[in-house]
Q: 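My questions all concern the structure below.
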Number of protein chains: 2
Amino acid sequence: MPNPSAHRKRDRYHYGDLRAALIGAAIELMGERGVRNFSLAEVSRRLGVAVSAPYAHFAERDDLLAAVAVQAYQLFYAALAPAIEQFSDPADRLAGMARSYVRFASAHRPLFELLYTAGLDKSRYPEIEAAEQPLVAAFLDCVHALCDGNEALSHDLATAVEADAHGHAMALLYGDFGQGDIAVEEAADRAARATLALVAGRQLLRSSPPPA
Amino acid sequence: MPNPSAHRKRDRYHYGDLRAALIGAAIELMGERGVRNFSLAEVSRRLGVAVSAPYAHFAERDDLLAAVAVQAYQLFYAALAPAIEQFSDPADRLAGMARSYVRFASAHRPLFELLYTAGLDKSRYPEIEAAEQPLVAAFLDCVHALCDGNEALSHDLATAVEADAHGHAMALLYGDFGQGDIAVEEAADRAARATLALVAGRQLLRSSPPPA
DNA sequence: GTCTATACCCGGATAGAC
DNA sequence: GTCTATCCGGGTATAGAC
């Protein structure tokens, strides 16, 4: 009796959930060839289904990518959640989130690239923005304690910390941090420390504008 | 007597410098359709030359992109130079560079995207790295005065400031800063202020690692 | 829901004439 | 150095059978 989970990819077959299989295979393919070389046809081939099969689930190519993006944000948020819960000190919590942010970019590089460098037209897909929302809110929430109810400052600090985490992630993926686990942890460390520096100097985020 | 500069694009013609024209048209095309939808064929069409003509100057498609990237880094550096010269105070100078960094990303978006989100295989093009060098050095140089000759701290601060500037630029291009000149200046302002906060808290960049 | 088959378009790249 | 012509491969998307 053949175990369903043991089906080889090349078996042409009815999937219980082709939609989910497409999403999974899309992630895998993006990981191998980069987001820019992703194609619906290749995904179909890998699953052993006809190139037309996906159109029963997604009206067009980008709709599949959008579905992947939604899942990516959920995973992203889940990756940050432990840091949020782990630290009671607000500064440490923010630093932990920055660290997790960089780690996520490395551990799920194709997803991260899909979200930020793939040029998906997010305005066409409100569900992506909705999926991003909890992540932004997480930064904002945990920053409040540091800002004594000052909403403007909270927003400034949240933006700065996100930019910091994002910038370190980009530097890791595309810059000169090198590769390997050591590089990841170094970048994550730097992001965490820079976060602490931003927190320490946060009053300057609202000071009079620096010279033009 | 026809003015050469008045030639319409569609005139088929011998260019004095097709190579330069290709680079210019490539930038224009990337601006309209995004880097990912750039094609050599379309560039040729716009210049009114045969699709095979570019191959007299570039062995393959990506070689043209690499040439554009080199020019982009030169322009990028030129955009930062005024800020470097304008400020004598090291902190203000860094802040000014961060501000110019964000402005450049907005003013030359296609070039910025080519450099950082196009996935060009830079390792294949040493000339790109060479062109990037002055920019990295500029950050490093102007950070030294703030770090009392501490090389390690200089490197940390330079990395943090670059990540900060880059992160704000990405937030402006892809995030929720909105559009328009106001958004640009707001993002640039935030990047500058965050830089000052990083400078103020710079000793924390070398402190004991924050909790994992 | 998935198949087969196909129409269509486009880009990269090369050969050989001028 | 540029042209014309062409080959090749690949992707998107649709029609219609099962």
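The model shown is predicted, which means the values in this text are computed figures rather than measured ones. Lettering of chains follows the sequences in order, A, B, ..., and the numbering in each one begins at 1.
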Q: Which nucleotide sits closest to the side chain of B:His57: D:dG11, D:dT2, C:dT2?
A: D:dT2
Q: Roughly how many Å is it from CG in A:Leu29 to P in D:dG10, rounded to a whole number?
A: 14 Å
Q: Partners of B:Asp121 by side chain to side chain donor-acceptor pair (under 3.5 Å), sequence neighbours excluded?
A: B:Ser123
Q: Determine all donor-acceptor pairs shorter than 3.5 Å in which one atom belongs to a side chain in residues 48-60 of chain B; sequence neighbours excluded.
A:
none

Q: May I have the distance from B:Asp17 (atom CG) to D:dG1 (atom P), rounded to whole angstrom?
A: 10 Å
Q: Whole-Å distance between C:dG1 P and A:Phe58 CZ?
A: 12 Å
Q: Tell me, which of residues 18-26 of chain A have any heavy atom that sits under 4.0 Å from an atom in DNA chain C?
A: A:Leu18
Q: Closer than 4.0 Å, any side-chain N/O of B:Arg45 to the OP1 or OP2 of C:dG11?
A: yes
Q: Has A:Arg36 got a side-chain N or O lying under 4.0 Å from the OP1 or OP2 atom of D:dG11?
A: no
Q: B:Asn37 has an atom CG; how far is it from atom P of C:dG11, in whole Å?
A: 9 Å
Q: So, using side chain to side chain donor-acceptor pair (under 3.5 Å) as the criterion, who are the partners of B:Tyr174 when residues are at least two apart?
A: B:Glu113
Q: Does B:Phe139 form a ring pair (Phe, Tyr, Trp, His ring centres under 6.0 Å) with B:His155? I'd like the steps, not just the answer.
A: CA-CA 9 Å; B:Phe139 275 96; B:His155 194 251; over 10 Å; no
Q: Using a heavy-atom cut-off of 4.0 Å across all strands, would you classify B:Ala41 as base, sugar-phosphate, or nothing?
A: sugar-phosphate
Q: Whole Å only: how far is the CG atom of A:Asp63 from the C1' atom of D:dT12?
A: 13 Å
Q: Sort and list the pairs that fulfil ring pair (Phe, Tyr, Trp, His ring centres under 6.0 Å) and have at least one residue in residues 60-80 of chain A, not counting sequence neighbours.
A: A:Phe76-A:Tyr101, A:Phe76-A:Phe104
Q: Do A:Arg193 side-chain atoms and B:Pro210 backbone N/O form a donor-acceptor pair below 3.5 Å?
A: no
Q: Let me have a per-nucleotide readout for nucleotides 13-18 of chain C, 5' to 3', with B, S or -, counting only protein heavy atoms under 4.0 Å.
A: BBB---
Q: Can you tell me if the side-chain N/O atoms of B:Arg33 get under 4.0 Å from OP1 or OP2 in C:dG11?
A: yes
Q: Quick one: list whatever passes side chain to side chain donor-acceptor pair (under 3.5 Å) with A:Tyr125, sequence neighbours left out.
A: A:Asp63
Q: Among all residues two or more places apart in sequence or in another chain, which pass the side-chain contact (heavy atoms from CB on, under 4.5 Å) test with A:Val70?
A: A:Gln74, A:Glu127, A:Ile128, A:Ala131
Q: Excluding sequence neighbours, so at least two apart, what forms side chain to side chain donor-acceptor pair (under 3.5 Å) with A:Glu85?
A: none
Q: Assign B:Ala56 to base, sugar-phosphate, or nothing according to its heavy-atom contacts below 4.0 angstrom with the strands shown.
A: base
